[in-house]
Q: 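The structure follows.
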2 protein chains.
Amino acid sequence: MPGKQVFRDYLAERGLKSTRQRELILDEFLRCATHPSTEELYLRLRRKYPGIGYSTVHRTLKLFAECGIAAALNFGDGQTRYESSSREQHHDHLVCRSCGAIIEFEDPRIEELQNEVAARHGFHIENHRLELYGRCGKCAGS
Amino acid sequence: MPGKQVFRDYLAERGLKSTRQRELILDEFLRCATHPSTEELYLRLRRKYPGIGYSTVHRTLKLFAECGIAAALNFGDGQTRYESSSREQHHDHLVCRSCGAIIEFEDPRIEELQNEVAARHGFHIENHRLELYGRCGKCAGS
DNA sequence: TTTCTTGCAAAAGCTTTGCACACCG
DNA sequence: CGGTGTGCAAAGCTTTTGCAAGAAA
């Protein structure tokens, strides 16, 4: 569980505290295969731990993003979604406009071309986002 | 002015009306070199035509997006921005996190790899977004 | 005239914040 | 204990909508 340790270290370094809620939220978040919004994660948590507050979930997700174990995403539906970045290498997304499916992919050749473009403009890349919108195999037929 | 004609045709086809406001908003929008948010475009317009309403600007920008002469963008600052898509080919963005500069670029090799990835997943691309976040040449030095 | 559009104000959503109480170290 | 975190409610923002009056066709 590298993500959990990174988070604990981050808290410790800054004099922040490790709490029951933060642990629960992190566990639930890491358990998500999807890209949950604050709302979704909050609802999932509340089923198991009814006392938990929306703001706590919100603030904790921001902490995750700050310490780098999560990344904030926005697929254009007006909600911020978070994805665990500790799982593996960076990846990008295919987003189906019809059924909402999100397929992850990665392609080092694209990344390399991105670096080349950035270099050409004297730009230093910190991160990027690439999303392809359209219809997945199932929906393209219909 | 291909954009203007596309918009007029779009309105005509659907029995919608061409109005003074829609013309003004389109003119101002096409005149923007930047990627204005609804708010920004509204403020610019209001300076010249004080009577204009925010909702009219908002609704008109959505019309532009519907008929394809504009694209909605979201750079993560909580505001939807619009960019004219009639100007030229599709392009992507380098976004400077320090000074806010937005540099446009295009690279057909990246587009081709995107198509390849999509094909591999049986996915049909309708459009995409690629943004590289980091620091521009000026800001990287500081 | 008939239908669509506008501008205002109000409503909706999602995100963020203030505060009193609770908890961690 | 002292300082941080939590949960609730309220506030902020941006986006969206209802409606009466106004403008196209």
Q: If we count only N and O atoms by modelled type, under 3.5 Å, do the side chains of A:Glu111 and A:Asn115 hold a donor and an acceptor together?
A: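 Side-chain D/A pair, A:Glu111 to A:Asn115: absent.
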Q: Tabulate below the donor-acceptor pairs under 3.5 Å that side-chain atoms of residues 19-29 of chain B make, not counting sequence neighbours, or state none.
A:
unit_1, atom_1, unit_2, atom_2, d
B:Thr19, OG1, B:Arg22, N, 3.2
B:Arg22, NH1, B:Lys17, O, 2.7
B:Glu23, OE1, B:Arg8, NH2, 3.1
B:Glu23, OE2, B:Arg8, NE, 3.2
B:Glu23, OE2, B:Ser18, OG, 3.4
B:Asp27, OD1, B:Lys4, NZ, 2.6
B:Glu28, OE1, B:Arg31, NH1, 2.9
B:Glu28, OE1, B:Lys48, NZ, 2.8
B:Glu28, OE2, B:Arg44, NE, 3.1
B:Glu28, OE2, B:Arg44, NH2, 3.1

Q: How is B:Thr80 classified with respect to the nucleic acid when contacts are heavy atoms under 4.0 Å: base, sugar-phosphate, or nothing?
A: sugar-phosphate
Q: Write down the atom of B:Phe123, the atom of A:Cys136, and the distance for their closest heavy-atom approach.
A: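 Shortest heavy-atom contact: CD1-CA, 3.5 Å.
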Q: Please compare B:Gln79 and A:Leu11 by the position of their nearest nucleotide in DNA chain D and report the one closer to 5'.
A: A:Leu11
Q: Do A:Leu130 and A:Phe105 touch side chain to side chain, with heavy atoms closer than 4.5 Å?
A: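 Yes, at least one pair of side-chain atoms sits under 4.5 Å.
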Q: N/O contacts under 3.5 Å, protein versus nucleotides 19-25 of chain D?
A:
unit_1, atom_1, unit_2, atom_2, d
D:dA24, N3, B:Lys17, NZ, 3.1

Q: So A:Glu40 and A:Leu43, do their side chains get closer than 4.5 Å, heavy atoms only?
A: no
Q: With a 4.0 Å heavy-atom cut-off, tell me which residues in residues 41-54 of chain A come close to DNA chain D, sorted by residue number.
A: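 Residues of residues 41-54 of chain A under 4.0 Å from DNA chain D: A:Gly51, A:Ile52, A:Gly53.
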Q: Could you say whether B:Arg14 or B:Val57 is positioned toward the 5' end of DNA chain C, judged by the nucleotide with the nearest heavy atom to each?
A: B:Arg14
Q: Using every non-hydrogen atom in the two residues, find where A:Arg129 and A:Asp92 come nearest and quote the distance to one decimal.
A: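 Of all heavy-atom pairs spanning A:Arg129 and A:Asp92, the closest is C-OD1, 4.4 Å.
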Q: For residues A:His121 and B:Glu104, report the shortest heavy-atom separation together with the two atoms involved.
A: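 Nearest pair, atom of A:His121 first, then B:Glu104: NE2-O, 4.2 Å.
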Q: At the 4.0 Å heavy-atom cut-off to chain B, mark where contacts on DNA chain C begin and end, going 5' to 3'.
A: C:dT3 to C:dA9
Q: Can you check the B:His58 NE2 to D:dT16 C1' distance for me, whole Å?
A: 6 Å
Q: Can you name the residues that form a side-chain hydrogen bond (donor to acceptor under 3.5 Å, both in side chains) with A:Glu13, not counting sequence neighbours?
A: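 Scan of A:Glu13 (side-chain hydrogen bond (donor to acceptor under 3.5 Å, both in side chains), adjacent residues dropped) gives none.
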Q: Do A:Asp9 and A:Gln5 come close enough that some side-chain heavy atom pair is under 4.5 Å?
A: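 Yes, their side chains come closer than 4.5 Å.
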Q: Please state how far atom NZ in B:Lys62 lies from atom C1' in D:dT16, giving the value in whole angstrom units.
A: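 B:Lys62 atom NZ is separated from D:dT16 atom C1' by 7 Å.
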Q: Kindly give the heavy-atom pair with the smallest separation between B:Cys32 and B:Leu41, and that separation in Å.
A: SG-CD1, 3.9 Å
Q: Check side chain to side chain contact (heavy atoms under 4.5 Å, CB included) between B:Ala119 and all other residues, then give those that pass, not counting sequence neighbours.
A: none
Q: Between atom CD in B:Glu39 and atom C1' in D:dT16, what is the gap in whole Å?
A: 15 Å
Q: Using atom CD of B:Glu66 as one end and atom P of D:dT16 as the other, report the distance to the nearest whole Å.
A: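 Atom CD in B:Glu66 sits about 12 Å away from atom P in D:dT16.
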